[in-house]
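Chain naming here is simple, since letters A, B, ... match the order of the sequence lines and numbering starts at 1 in each. Values reported hereafter were calculated over all heavy atoms of this structure, with side chains retained and with hydrogens, waters and symmetry mates removed. This one's a predicted model, so the numbers in the text were calculated from it and none came from an experiment.
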Number of protein chains: 2
Amino acid sequence: MPTIKDVAKLAGVSFKTVARVVNGEPSVGKDLRERVEVAIRELGYRPSLAARQLAAQKSFIIGLIVPRAGISYIARMMIAVASACREQGYQVTTETIDWRGDNYNAAESLRFASRPDAVIVAPPFCNDAVFLQGLADQGLPIVRIAGVTDAPGMVIPVHEAPISIRLVEHLIALGHTRIGMVAPPLPIRASEERLVGYRAALAAAGIAYDPDLVIRGDFNFAGGVRAVTEMLALPQRPTAVFAASDDMAAGVLAQAHKLGFRVPDDLAVAGFDDAPLARMVWPPLTTVRQPVSQIAQAAVHAAIHQRVPEVSFQHELIIRGSTNGDRQHCLDIYAF
Amino acid sequence: MPTIKDVAKLAGVSFKTVARVVNGEPSVGKDLRERVEVAIRELGYRPSLAARQLAAQKSFIIGLIVPRAGISYIARMMIAVASACREQGYQVTTETIDWRGDNYNAAESLRFASRPDAVIVAPPFCNDAVFLQGLADQGLPIVRIAGVTDAPGMVIPVHEAPISIRLVEHLIALGHTRIGMVAPPLPIRASEERLVGYRAALAAAGIAYDPDLVIRGDFNFAGGVRAVTEMLALPQRPTAVFAASDDMAAGVLAQAHKLGFRVPDDLAVAGFDDAPLARMVWPPLTTVRQPVSQIAQAAVHAAIHQRVPEVSFQHELIIRGSTNGDRQHCLDIYAF
DNA sequence: TTGTAGGCGTTATCAC
DNA sequence: GTGATAACGCCTACAA
């Protein structure tokens, strides 16, 4: 493995000049710069991360903290964060925290061996003040994706109420007036806006809010199954259900099938996330696609430059067979 | 951040003694060792990875190369490899390669900035000799998960024929004689054994092999849709379909629904992988669970010690509503 | 614009 | 058993 000195020798310059070229500093003569670049290519030189880390007292690593549940959103986030980091010459190390219910091993999990320069914290941990304080105490700059509570760290704001309104408006436009909601587990998280949007859309359409039609789930398949079972047993059952995640929507769908309801004729179903799953159930799910890669880019930028960029994210309403009756398979390859 | 010298000063020993304690070398007196351990705890000292990397000329990092498609298998593999590495004091960096069809950017993708000490290569790349040679040329030790072709690197052998036989036997025991197969895309990969097992089980039961009933898919949902469409149009249609992945099985299932076939009454369906998806479609899929974490552990061991451990892996047949008629939701939380 | 000295926190080598 | 001393490859000063 060639070192900076090998390059310097071959190019006939001091190693500091090579370092300047490598780091893109402007103060290098054109001819020297070219000689150095040729030598670098010749030798296939790549700077040693370890040496840079040691000398610069920076790791060039961004930590990413995600839950172990909810694969598709995580996978998308991991991939998006990784590629955003790479563009900036950084690496990612992902810390996957077991999250079952509310019982997870907080700050202790976070003794990153790699000593990241900053950490990006995804939901739901981005709203756990104790957990975040533990990170802050380690002196780590923190970026919270979709943070809503009062806690240490920069926040990448994500607002889901407007798109949720549009989704419910879509259901209302189809003629539904009894619309159930499988809501997010806890009020203290960004996803609560999905419920807020639901209520706003109903109100705007002059439909009374019926608390019996709102049941909180746990973002898992099982939560959807349970919630819809309960709803369908009501004297005035819903004719449409909006689940706050695709996993829960899949539970709603499966249970509807099991109970013999036809979708969307007897019961319309909509989800949230546009997980791969959404296209693989039958009928495919109407849902909302999150701008994950934009969010990831903003988070990485904030992590590296200690400043949240000013951007607004564009969610997308995706209408499929589970609501509008146009029963086609979605055969596109899933784009992360 | 305390250094080894801070610890040494506090403990009143030379920093080399501290290093000996940290690295678990036996040649340290009992009293000194305890003094050092106390000092380490006192200061919350953790050795700097960067410095170790630089001095030892090792990165303590294992590279993992996975395709971008097929989320659940990847996610499980990533998590399993990461935790196996952590147990050994190593880190992982995952390189996700875009793989659509056969057109991926091979060796170029692999200039790991982190200079891993070894790389673990998952399917399908583990059977691409050119690709692997590119890695080998970089001087990287290679571990191939489920490698079957002749190529550089150690191989973690995975055999899927026996469990495939059991799966098809299960279908035969239910009375099926016309059993279709949505086969893996290419013969040159470990998953081909799924087809081999299919044929072996049919032969053992005295059922003639009908090439019309075997259609190769691409491991994606769309492949399952296409394959089953073709099969169901045959003069003598199958009454059961074994798809070589859960994604394809989901395609089979969705298309069966769309065409009005009842599952499993009109058509039984089975998959492979036990992806989260398998429990979220209706009816839930009969499938095969891969021992991913055992495989990952073996691979990590091989990567670190340059030697493949002698282990055999235990696949598991999981029977659900898509074949046996016991139509229950599987509500367990997915265990990676 | 270019080059030199010193140090970052470990491991490895060799004395004691 | 224990402890100096020299690397490891690069960056940050400062000097020329």
I need the [atom1]-[atom2] distance between [X] and [N], as an integer number of Å.
X        : N       : atom1 : atom2 : value
Lys58(B) : dG9(D)  : NZ    : P     : 16 Å
Glu25(B) : dT2(D)  : CD    : P     : 12 Å
Lys5(B)  : dT10(C) : NZ    : P     : 9 Å
Leu32(B) : dG1(D)  : CG    : C1'   : 9 Å
Leu49(A) : dC10(D) : CG    : C1'   : 11 Å
Ile4(A)  : dC8(C)  : CD1   : P     : 19 Å
Arg35(B) : dT2(D)  : CZ    : P     : 9 Å
Phe15(B) : dG3(D)  : CZ    : C1'   : 9 Å

Inset, instruction - On DNA chain D, check which nucleotide each of Ala19(A) and Arg33(B) is closest to and give me the residue with the more 5' one. - result: Arg33(B)
Inset, instruction - Assign each of Leu54(A) and Gly29(B) to its nearest nucleotide of DNA chain D by heavy atoms, then name whichever residue's nucleotide is nearer the 5' end. - result: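 On the 5' side of the pair lies Gly29(B).
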Legend entry - Nearest-nucleotide pick for Val13(B), side chain only, options being dG3(D), dG3(C), dT10(C):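 Given the options dG3(D), dG3(C), dT10(C), the side chain of Val13(B) is closest to dG3(D).
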Inset, instruction - Could you work out which one of dT2(C), dA5(C), dC14(C) sits closest to the side chain of Ser27(A)? - result: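 Of the candidates, dT2(C) comes closest.
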Are any of [X]'s side-chain N or O atoms less than 4.0 Å away from OP1 or OP2 of [N]?
X        : N       : result
Ser48(B) : dG9(C)  : no
Gln57(B) : dA7(D)  : no
Thr17(B) : dG3(D)  : yes
Ser14(A) : dG3(C)  : yes
Arg52(B) : dT11(C) : yes

Legend entry - Main-chain N/O of Thr149(A) paired to Arg144(A) side chain as donor or acceptor, under 3.5 Å: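 Checked: pair present.
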Just so I know, are the side chains of [X] and [Y] near enough to count as touching, which here means a heavy-atom distance under 4.5 Å?
X         : Y         : answer
Phe219(B) : Pro124(B) : no
Met78(A)  : Leu64(A)  : yes
His315(A) : Val158(A) : yes

Legend entry - Base dG3(D) paired with Arg20(B) side chain (donor-acceptor, <3.5 Å): yes
Inset, instruction - Pick base, sugar-phosphate or nothing for Tyr45(B), based on heavy-atom distances below 4.0 Å to the nucleic acid. - result: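 Tyr45(B): backbone/sugar contact only, no base atoms under 4.0 Å.
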Inset, instruction - Could you tell me which non-hydrogen atom of Ala118(A) sits nearest to which non-hydrogen atom of Ala303(A), and how far apart they are? - result: CB-O, 3.6 Å
